[in-house]
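First comes the structure, then the notes that go with it.
Side-chain atoms are counted along with the backbone in the values below, which use heavy atoms only and exclude waters and symmetry mates. Within every chain, numbering begins at 1; the chains are lettered A, B, ... in the order of the sequence lines, protein sequences first and strands thereafter.
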Amino acid sequence: MSTTALNLDQLNAAQREAVATTEGPVMVIAGAGSGKTRVITHRIAYLIGTRRARASEILALTFTNKAAKEMKERVEKLLGADAAKDLWIGTFHSNFARLLRQHAELLGFSTNYSIYDQDDANRLIKEIMGELGINAQTLSPDTIQNVISNAKNKFVLASQFASQARDYVEDQAAKVYLRYAERLQKNNALDFDDLLIKPIELFLQRPDILEHYQHRFQYLMIDEYQDTNRAQYIVSKMLAAKHRNICVVGDDAQSIYSWRGADISNILNFQGDYPDAKIIRLEENYRSTQTILNLANKVIAQNKEQLKKRLFTRNEEGEPATLFICEDERREADKIAQTIRNLKLAKGYQNSDFAVFYRTNAQSRAIEEALRTHGIPYQVFGALSFYKLKEIKDVVAYLRFVLNPRDEESLLRVINFPARGIGEASVEKLRALANEEGLTLYELVCGAARYDLPPRLVSALNEFRMLIESLEQISRHASAYEVVAELYRQTRLLELLKEENSPEAKTRFDNLQEFLSFARRFSDENPDENSLNAFAQSVALMSETEDKNGDSNKVSLMTIHAAKGLEFPVVFVTGLEEKLFPLHLDDRKQLEEERRLFYVALTRAEKKLYLSYAKNRYRFGNLQPSLKSRFIDELDGELVVTEGGKSLCDLRAEEKERKRIIRDDDHAPDDFGDLSERWREPKSKKSFVPKPAAPSVPSETTYRAGMRVSHKMFGRGKIISVQGAGDDAKAKIYFERAGEKTLVLKFANLTVIE
DNA sequence: CTCATTAACGTTTTT
DNA sequence: CGTTAATGAG
């Protein structure tokens, strides 16, 4: 195929090798900005173009919908939409959800199974904990959910987990896990983890089915292999066992999801699994300036655990990075906004050329505010996904329930939405009755007339049942869009919101409308007969990022996790403070992951990098001093300048000098703000002296959270919380100088400050 | 049963 | 600080 040959000429030698080595196990170590997606898409095109494989024989697994979508589009560009349409390109979750739809019966599920996201699963776990009498105060549902999810990620099933539970938490979690699995089965529902685990169970039960897929998917490709967990590892190994045409692409330096069960040893040990594997390194970076790359390389070099590689670029050297040292988060945000405005004027950049990264979503607020006051358009990614909004989830729950009447969780969600007089008390009564009668809740709803229930309730239930039945009727022959439209019509959802006449209602109105048009688009693009099921399931696996329009001219705000895989001409990495970034620094492993995250942040930048930190930051509502991040110290000082034009090197020398002077003067060193260029000003000393003690108050004083207090040893602070009463009363207090302490009030001898 | 006010709570990341 | 869960009045 001439087009394919032409395409290969555009690749460098390593990329070409990665594309053309189609047979046998291959691991591509793709450094940041080295053209990874290009390699995968060309490889697919090459396989098809040279007739080594048909499109339907290729399975390409990605980590995010966005990556899948991009890959699909680029393959289509190379081959034409028609040639690419039989490809299985998608996330692990969506591809296996699709596969499971075909075989659900064998696992005791129907093809219309519901997919529960984290929220749904959490609700169910809370419910189960209630049933088991586990106190949610002692053991949070989130913890239990985490434990269960981790077990699933490692392909440890409930019974096995129960038999190997080691401590109290695991023991309780095991009880919940067992019942949780039962309940999912009863509801005909799978959670996200199940989408990975159930295929393994299926393949173990039915080797013939495994063989079918081994034969069908002659070529297996896995993107972001460093992010795969144990379950994903197992299932890919099973699928590749026969033909062994497995090509994994990844970068251990960008592994940032270990908290979610990603197992970096999957990529580190690939060669152990496949001793004959061909290892190909993509080391030429096409994205960033040399300066940016040098900074990043030096940062990542401080990690012990990693595969050897050396990234280089032939791009221009570029400007040094700029470091902003700010008083507080507002000035940090302001500085960023000003810089954006100036760069737009001076260098002709557009809004969309800028990205502002932060470690935690909470940090976006200050930045948004500053951008707003400067009149700079922006978009925030990821914070809360469109599909996680209550109103959207409620509508989706309707669709799920129409498809899957066994799904009690969805039923509970919609039975009184919009409010139709079936409140909590009624629902509890109905559930108890259903239990007594040995019926499912919905069976009882359908036969409500036969029981001695308040007539108003019976008629409300009847109305609800008729709604569900008519939607079910429509779903048999009409598209997902038509079902959603009919749901809106019958429930008068939009009208009800309009009548509310509040701004919140207006937003929800808009969201529902957007969902409707999304359904229409989906139905237009996927006109198969089973479309409501496909629609509901893909919505469950959807997150927002991918369907926000990327072409609008706005500054992008996002967490660094969300930034992976993206690139921007100008990047701001904010909040470089200890305990913020790095957020977790308890052990080396966590710290190395934070460092990889920093590496990811730096390598997103094409032309210019700005780094910043604030010496004070609001946390839980009050201003706290922060220490500059150790990551700043790890940077190559020659490649970073401050606003004043001084290099980081000079600054470090000054810092050293200053510490020496302070030591000689026998002053207690204060340990933040140490990069300040105004260190000579004697003022700075004063600002840390606590105020003289406020008038004392009687010992009977009741202390409340939020009160400002002063302590002899610890100085000024603010009460975070108070526990207990009388002589035993303790308060958790955040002290400006000493940090968080828990004190027995009786002995603390606090004074209240106005 | 619904709406209001209040208390508690937490801020990592995503399929 | 801002959001959500829990409680109490109407």
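The CG atom of A/Asp191 sits 15 Å away from the P atom of B/dT15 (whole-angstrom rounding). A straight line from CG of A/Asp119 to P of C/dA5 spans 9 Å, rounded to a whole angstrom. Atom NZ in A/Lys388 sits roughly 16 Å away from atom C1' in C/dT3 (whole-Å rounding). Nucleotide B/dT15 holds its C1' atom 13 Å from the CD atom of A/Gln145, rounded to whole Å. Summarising the geometry, the separation between CD on A/Glu329 and P on C/dC1 is reported as 11 Å, rounded to the nearest angstrom. When the C1' atom of B/dG10 is taken as reference, atom CZ of A/Arg365 falls 13 Å away, rounded to whole Å. In this structure, A/Asp117 atom CG and B/dT15 atom P are separated by 11 Å, rounded to whole Å. A/Arg617 has its CZ atom 16 Å from the P atom of C/dC1, to the nearest Å.
Checked against the 6.0 Å centroid threshold, A/Tyr387 and A/Phe518 count as a close aromatic pair. The ring of A/Phe92 has its center no closer than 6.0 angstrom to the ring center of A/Tyr233.
At least one side-chain heavy atom of A/Leu467 sits under 4.5 Å from a side-chain heavy atom of A/Arg420. Using a 4.5 Å heavy-atom threshold, the side chains of A/Phe96 and A/Gln232 count as separate. Looking at A/Asp263 and A/Asn153, their side chains never come closer than 4.5 Å, going by heavy atoms from C-beta outward.
Annotation: of the two residues near DNA chain B, A/Phe192 and A/Gln590, the 5′-most nearest-nucleotide partner is A/Gln590.
If you check every strand for non-hydrogen atoms under 4.0 Å, A/Tyr618 touches nothing. If you check every strand for non-hydrogen atoms under 4.0 Å, A/Phe92 touches nothing. Residue A/Gln118 is classed as a base contact, given a heavy-atom separation below 4.0 Å to a base.
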Could you list the protein-to-nucleotides 1-5 of chain B atom pairs, N/O on both sides, closer than 3.5 Å?
unit_1 : atom_1 : unit_2   : atom_2 : d
B/dC1  : OP1    : A/Gly423 : N      : 2.8
B/dC1  : OP1    : A/Ser426 : OG     : 2.9
B/dC1  : OP2    : A/Ala425 : N      : 3.4

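When each of A/Lys628, A/Arg619, A/Arg630, A/Arg617 is tested with A/Glu577 by the rule salt bridge (Lys or Arg N to Asp or Glu O under 4.0 Å), just one qualifies, namely A/Arg617. The only member of A/Asp191, A/Asp193, A/Asn229 that meets side chain to side chain donor-acceptor pair (under 3.5 Å) when paired with A/Ser149 is A/Asp193.
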